[in-house]
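When a ligand or atom number is given, it counts from 1 through the structure's own listing order.
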Amino acid sequence: MAIASGRRGALRLSAIRPAARLGPVTEAARARTRMVDALRAAGRIHTPAVEAAFRAVPRHLFLPDVPLEQAYADEAVAVQYTDGVTTSSASQPSMMAIMLEQLGLRPGHRVLEIGAGTGYNAALMARIVGPTGTVVAVDIDEALVAGAEEHLAAADVAGVDLVTADGALGHPAGAPYDRIVLTVGSDDVRPEWIAQLAPGGRLLLPLAVRGSQLSVALDLGPDGLLHSDSVRSCAFIRLRGEGAGRDTIRPVDGWGLALQLPDDGPGADPTRIAAALEEPGEPVPAPVSLGVVDVWDGFGLWLALTEPGACRVLAPDPDTGLPDDLLPLGPSTGTVALATAADRDRAGLAMVVPLAGRGDLRRPGPVAVRPFGPEGAALADALLDALDRWDAAGRPGAPDWRFTIVPDGVDEPGEVPRGHVVTTAHCRVLAALTPG
Ligand SMILES: C[S@@+](CC[C@H](N)C(=O)[O-])C[C@H]1O[C@@H](n2cnc3c(N)ncnc32)[C@H](O)[C@@H]1O
């Protein structure tokens, strides 16, 4: 593995020089103030250290090729494409704030970031851990690391070691770390990351859990288990290299749709599902209201963790030519469904669809369950039941779940709440609802 480690700034008197020394208040500084004020008002930032970091680090210097307005908008900015697919982006400031709050950094912490990208998050973290702390930021892409190096220099940030490497292996040379954070999605909790955590250290990662991606803060216990401290919804680019998971998205030919199948099981056969779609049944109105977020990470996560046939139906191409009522959330997203295709003659699908004439899909509103194929009616009953149970449980979303990670080779103590189990390449993920 090529490692180009560059410790920047031999004099580490402070991680960031005070903004006041960088010159008079500029348009960029005003834009930054507006961005941070908005993040605070929205409750994304709530600790002084995270706020101070956002106020100190000029995001536009990490995005030199985009207009100032875009650099300070609350949106992700793609910075690299490979074959038309985004392979690096500066994450959405809201999401970065949520994760920095989850990470719980303190002055003096040793931190490993996997997914250095533009270097902006590393700069924020360097500001928080201060001159007695260390930030090592790894990216798999040499050109991105070179760019991050320039951005950090332009922003006058010291205290970040940039490394070109596959972060799937962590960075053992700098271990142990008090915090390891991935800013790139993974469908596994790799043993290398756990091994490089200091006792009681925290690993924060966007973890794929059966179609939902969740930002999970995990604390390493003395028993070798990791227990989640907080869980939030997120949407990150996935790991490249050794830790790249298997692709779980399968096209449904002839329909402009795709199935996102569970990462830990075979799932339904898209060819049989394509045939089932030829036989639509009548939508059955559901007893609960749903909006986009409910469908995706509220009910969708619940369904994925409680029903073996759960999957997501995606519409990757906006011009699918589908009837308007087939997908509830707009053609660029999709919906959740139950599917079965174990038997050639008994394939079926039941999916959540909007009730005809429904307006804004982002707000909770009426939905129905629509069956397709010979098994569709039975699946629709099961889906309606699941909706009922989710509603009766208080409509839990991502923050209401907690996860315990049991690495391979570590015993599950009896007192760990079992909940629902997802098996990844190197561990078992035990999911349970937070009591109360
Ligand atoms: C969403 S971007 C990270 C944004 C970054 N933290 C910032 O502040 O700009 C995800 C990054 O993960 C990197 N990445 C993907 N697979 C990786 C791997 N195996 N090891 C290290 N970095 C990886 C990508 O090259 C990309 O730059």
Pairs of nitrogen or oxygen atoms closer than 3.5 Å, one from G167 and one from ligand 1: do any exist? yes

Electrostatic pair R389:E307 at N-O distance under 4.0 angstrom: yes

Answer yes or no: does an N/O atom from T118 fall short of 3.5 Å to an N/O atom of ligand 1? yes

Tell me which part of A244 gets within contact of ligand 1: side chain, backbone, both or neither, using heavy atoms under 4.0 Å. neither

Does a side-chain N-to-carboxylate-O contact under 4.0 Å join D187 and R210? no

Looking at ligand 1, is there an atom of it that comes within less than 4.0 Å of some heavy atom belonging to Q80? no

Taking the side chain as everything from C-beta on, heavy atoms only, tell me whether R395 gets closer than 4.5 Å to L290. yes

Heavy-atom closest pair, residues A137 and A122: CB-CB, 3.9 Å

Considering T87, T86, V184, D141 one by one, which has a heavy atom nearer to atom 24 (C) of ligand 1 than any of the others? T87

Do Q102 and S228 come close enough that some side-chain heavy atom pair is under 4.5 Å? no

Region of V79 engaging ligand 1 - heavy atom pairs below 4.0 Å: neither

Assess whether atom CZ of R40 is packed by more than 12 heavy atoms of other residues, nucleotides or ligands within 6.0 Å. no

Flag S91 as yes when one of its N or O atoms lies below 3.5 Å from any N or O atom of ligand 1, and as no otherwise. no

If you count the atoms of ligand 1 from 1 in the order shown, which ones are under 4.0 Å from a heavy atom of S89? 1 (C), 2 (S), 3 (C), 4 (C), 9 (O)

Nearest neighbour of atom 14 (N) of ligand 1 from the list V77, I114, I140, on a heavy-atom basis: I140

One residue to check: A76. Relative to ligand 1, which of side chain, backbone, both or neither has a non-hydrogen atom less than 4.0 Å away? neither

